[in-house]
Colleague: 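Take a look at this one; I'll ask things after.
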Amino acid sequence: MTAGHLVQSVDWLAVAPPAITAAAALAVLVADLFLGERRAPLLGAVSVAGLALALLSLLPLRAGDRSTFCLAGGAGQGRVCSYTADHFTLVVQLLVLGGALLTALLSMPGRAPHDPGQDGLPGEYWFLLLASASGAALLPASRDLATLVVALEVASLPAFALVGIRRGDRLSAEAALKFFLSSVTATAVMLLGVSFVYAATGTLHLTAVADALPHVPGQLQVLAKTGVLLTLVGFAFKTAAAPFHFWVPDTYVGAPLPIAAYLSVVSKAVGFSGLILVAVVAFPPYAHLWAPALAVLAALTMSVGNAAALRQAQDRARGAVRLLAWSSVAQAGYLLVPIAAAGYAGQRAVGSTVAYALMYAAVNLGAFGVAALVARTSPLNRIADYRGLYARRPAAALALAFFLLCLAGLPPGVIGLFAKVTVFSSAVDAGLGWLATVMGANVACALYYYLRWTALLFRAGPEAAPGPEAAPEPDAAAASATEQAPALAAAPARPAVPRAPGPVVTAVALAAVAGVALSGAPQLVLRFTDMHLF
């Protein structure tokens, strides 16, 4: 390679979001060596501050016109770059960094009794969380296959350790092992596909791959098509698309609740942003191959997720988390619909996936936040444990009801309804009427388990249910205060509900504010459905 094609100077402002997050991770790692027992609250505060600073660094980039690590010889839109801070990048970085920030708040002291380190999380927890977030922030900006794979692994590898961080917990170890094996398999398949694509096209940059695929020699056509499909299969594992979803429920149940929330939103956003980049930016010449495959995957994924969620029993241990896990699988099916539609109607259709992902991130993180609150007094976290939650924690019950209605697409969760309509419209506009029909049927099925859980929040709890002797006799109403005093003194006091930890309340409140704001002004995210994101 000649000197004229070497990488140019670095635009540090463009790379600030992942760079700041990575710097905060290193600072936490070094500080943990010297802080001793004080590390838990201080390292958590440093992590939150680092993620907040990374979010603020997005403001100077809002024009969406910066690139770096570019090859010389091009200008403007003709440049071939490895890192691009366009509007798609900024929206996904906002999602993943915001999700990591709420995860950090959920992880601060005051978690459920069964979570690791009740008296303080190990310092490596915060390092692993920030390291994973830095990879997640890098991935949507990646514009070559090598950077894409590296960013994906930087986001995934720390997550294995986070899932298994509860030392001595069998469920945690099992969840980490399943997550690790499935992710390693996905990476191996993806790397094989990337190597085939590189062998057929001679380039790794996404736009250059798109230009080269139509001109692949005849003897390499099969190699190129196989590489495209294998790369997409690798990302299907990462997005938990059926039939590659088997690791999701056990991983979510075995992981600490904040990490389950992180995987359901940030890890999923990483997988979908990578899938969008390779399918819509690198492989549009082979849309006739991947678009039908993604449409079938979308229909299968939403159907499997909703069918499994319908079967969750109310008295099953950790049934609430398992229901949210299967719900996330179904939501992954909805997110796949606009990507499949982009193969028929052009890349603008993926804006519906971006809009839906923003809605899903806010409300799903909020639902996991309420689950973390309930787990403090009900470690088994059964769906039945939410019965009468409104009587014990009115604000938490109202917030969870709002989050579930958003996921169901019912008022007052207006943003959930509008997001589903945009996804449905993308399928119809692309001529995928059958997929729109399947989605409509699945949305109707999902109403049952979302509404059943919502109704449970406002039902009287077992301790509040009146017995047959609850109605006083006429003479008892006239009893003197002196006669009633011994009975009142003998009555057992209702156990006090412990005060909710401030960081968890802040996380749930932020998610609720975001959901309410988006429901009141849905154009804040729906405008992405009509934008050219690339």
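Here, residue 1 is the first one in the sequence, and each next residue gets the next number.
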Colleague: Nearest 0.5 Å, what's the CG-CD1 distance between Leu294 and Ile339?
Modeller: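 Atom-to-atom, Leu294:CG and Ile339:CD1 are 7.0 Å apart.
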Colleague: Report yes or no: does Asn364 contribute a side-chain atom to a donor-acceptor pair with the main-chain N or O of Tyr360 at less than 3.5 Å?
Modeller: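 No, the answer is negative, given that no donor and acceptor are paired below the 3.5 Å cut-off.
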Colleague: For Thr239 and Ala332, which heavy atoms make the closest approach, and how far apart are they?
Modeller: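 Shortest heavy-atom separation between Thr239 and Ala332 comes out as O-CB, 3.6 Å.
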Colleague: What do the steps show when you test Phe272 against Val92 for side chain to side chain contact (heavy atoms under 4.5 Å, CB included), and what is the final call?
Modeller: CA-CA 10 Å; Phe272 275 101; Val92 178; over 6 Å; no
Colleague: I would like to know whether Leu29 and Trp126 meet side chain to side chain contact (heavy atoms under 4.5 Å, CB included); could you show each step before the answer?
Modeller: CA-CA 8 Å; Leu29 180 64; Trp126 302 104; over 6 Å; no
Colleague: Is it the case that the side chain of Ser264 and the backbone of Ala261 share a donor-acceptor pair, with hydrogens and angles ignored and the cut-off at 3.5 Å?
Modeller: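 Present.
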Colleague: Val209 pairs by side-chain contact (heavy atoms from CB on, under 4.5 Å) with which of Leu204, Val197, Val281?
Modeller: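 That would be Val197; it is the only one of Leu204, Val197, Val281 passing the side-chain contact (heavy atoms from CB on, under 4.5 Å) with Val209.
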Colleague: By the definition side-chain contact (heavy atoms from CB on, under 4.5 Å), identify the one residue from Leu335, Val423, Leu358 that meets it with Thr353.
Modeller: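 Result for side-chain contact (heavy atoms from CB on, under 4.5 Å) with Thr353: Leu335.
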Colleague: Leu56 versus Leu59: any side-chain heavy-atom pair under 4.5 Å?
Modeller: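 The answer is yes; the side chains approach within 4.5 Å.
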Colleague: How many angstroms lie between CE in Met190 and CZ in Phe237, if you round to the nearest 0.5 Å?
Modeller: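 So the gap between those two atoms works out to 10.0 Å.
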Colleague: Flag the pair Leu51 / Thr21 as yes when at least one side-chain heavy-atom distance between them is below 4.5 Å, and no otherwise.
Modeller: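 Side-chain contact under 4.5 Å: yes.
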Colleague: Pick out which of Thr84, Asp86, Asp11 makes a side-chain hydrogen bond (donor to acceptor under 3.5 Å, both in side chains) with Arg66.
Modeller: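 Single side-chain hydrogen bond (donor to acceptor under 3.5 Å, both in side chains) partner of Arg66 among Thr84, Asp86, Asp11: Asp11.
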Colleague: Can you check whether Pro522 reaches Ile415 side chain to side chain, under 4.5 Å on heavy atoms?
Modeller: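 A side-chain contact under 4.5 Å exists here.
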Colleague: Mind listing the closest non-hydrogen atom pair of Val154 and Gly135 along with its distance?
Modeller: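 Closest heavy-atom pair between Val154 and Gly135: CG1-CA, 3.6 Å.
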Colleague: Apply side chain to side chain contact (heavy atoms under 4.5 Å, CB included) to Thr185 and Phe244, showing your working.
Modeller: CA-CA 10 Å; Thr185 302; Phe244 313 111; over 6 Å; no
Colleague: Taking all non-hydrogen atoms of both residues, which atom of Thr68 and which atom of Val10 are closest, and how far apart?
Modeller: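 Answer, listing the atom of Thr68 first, then Val10: OG1-CA, 3.4 Å.
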Colleague: What distance do Met359 atom CE and Leu524 atom CG have between them, rounded to the nearest 0.5 Å?
Modeller: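 It comes to 14.5 Å.
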Colleague: Taking only residues two or more places apart in sequence or in another chain, which ones pass side chain to side chain donor-acceptor pair (under 3.5 Å) with Thr251?
Modeller: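 Counting only residues at least two positions away or on another chain, Thr251 forms no side chain to side chain donor-acceptor pair (under 3.5 Å).
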Colleague: Heavy-atom distance under 4.5 Å between the side chains of Tyr83 and Pro18, does that happen here?
Modeller: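 Yes, their side chains come closer than 4.5 Å.
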Colleague: Say you draw a straight line from OG1 of Thr422 to CZ of Phe424; how long is it, rounded to the nearest 0.5 Å?
Modeller: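 One gets 11.5 Å once the value is rounded to the nearest 0.5 Å.
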Colleague: Quick check: closest heavy atoms across Ile165 and Pro256, and the distance to 0.1 Å?
Modeller: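 For Ile165 versus Pro256, the nearest heavy atoms are CG2-CG, 3.9 Å.
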Colleague: I'd like to check Val321 versus Leu257 (side-chain heavy atoms, cut-off strictly below 4.5 Å). Are they in contact?
Modeller: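 Result yes, sub-4.5 Å side-chain heavy-atom pair found.
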Colleague: Report yes or no: does Ser519 contribute a side-chain atom to a donor-acceptor pair with the main-chain N or O of Gly515 at less than 3.5 Å?
Modeller: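 Here the side-chain-to-backbone pair exists.
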Colleague: Which salt bridge (Lys or Arg N to Asp or Glu O under 4.0 Å) pairs, counting each pair once, include a residue from residues 237-265, with sequence neighbours left out?
Modeller: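 For residues 237-265, and leaving out neighbouring residues, the salt bridge (Lys or Arg N to Asp or Glu O under 4.0 Å) pairs sorted by first residue read Glu153-Lys238, Lys178-Asp250, Asp250-Arg322.
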Colleague: Is any side-chain heavy atom of Thr207 closer than 4.5 Å to one of Arg143?
Modeller: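 No, every pair of side-chain atoms sits at 4.5 Å or beyond.
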Colleague: What's the spacing between Thr231 OG1 and Leu275 CG if we round to 0.5 Å?
Modeller: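 Those atoms lie 10.5 Å apart.
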Colleague: According to the ring pair (Phe, Tyr, Trp, His ring centres under 6.0 Å) rule, which pairs have a member within residues 179-208, sequence neighbours left out?
Modeller: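 Residue pairs with at least one partner in residues 179-208: Phe160-Phe179, Phe160-Phe180, Phe179-Trp247.
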Colleague: One pair to check against side chain to side chain contact (heavy atoms under 4.5 Å, CB included): Tyr286 and Leu229. What are the steps and the verdict?
Modeller: CA-CA 10 Å; Tyr286 285 174; Leu229 291 178; over 6 Å; no
Colleague: Got Phe418 and Leu518 here, is their nearest side-chain heavy-atom distance under 4.5 Å?
Modeller: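 No - every pair of side-chain heavy atoms lies 4.5 Å or more apart.
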Colleague: With no hydrogens and no angle check, just 3.5 Å: does a side-chain donor-acceptor pair link Ser107 and Tyr262?
Modeller: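 No, Tyr262 and Ser107 have no side-chain donor paired with an acceptor closer than 3.5 Å.
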Colleague: Can you measure from CZ (Phe69) to OG1 (Thr147) and round to the nearest 0.5 angstrom?
Modeller: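 Answer rounded to 0.5 Å: 8.5 Å.
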Colleague: Return yes if some donor-acceptor pair links the side-chain N/O of Ser57 with the main-chain N/O of Ala54 below 3.5 Å, else return no.
Modeller: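 Confirmed, Ser57 side chain pairs with Ala54 backbone.
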Colleague: Hey, is the main chain of Ala131 close enough, under 3.5 Å, to the side chain of Ser134 for a donor-acceptor pair?
Modeller: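 Yes, the answer is positive, given that a donor and an acceptor are paired below the 3.5 Å cut-off.
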Colleague: Looking at Gly50 and Ala24, what are the two nearest heavy atoms and their distance?
Modeller: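 Result for this residue pair: CA-CB, 4.1 Å.
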Colleague: Please identify which of these residues, Leu510, Val265, Val266, meets the side-chain contact (heavy atoms from CB on, under 4.5 Å) condition with Leu365.
Modeller: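 The residue from Leu510, Val265, Val266 that satisfies side-chain contact (heavy atoms from CB on, under 4.5 Å) with Leu365 turns out to be Val265.
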Colleague: What heavy-atom pair brings Ser273 and Leu139 nearest, and what distance separates the two atoms?
Modeller: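 Heavy atoms of Ser273 and Leu139 come nearest at OG-CD2, 3.1 Å.
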Colleague: Could you tell me whether a side-chain N or O of Asn442 sits under 3.5 Å from a main-chain N or O of Val438, the two making a donor and an acceptor?
Modeller: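 It does hold such a pair.
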Colleague: Is any side-chain heavy atom of Leu289 closer than 4.5 Å to a side-chain heavy atom of Leu232?
Modeller: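 Side chain of Leu289 against side chain of Leu232, heavy atoms only: no contact under 4.5 Å found.
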Colleague: Distance-only, no hydrogens or angles: does the Ser195 side chain make a donor-acceptor pair with backbone N or O of Leu192 under 3.5 Å?
Modeller: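 Yes; judged by distance alone, with no hydrogens or angles, the pair exists.
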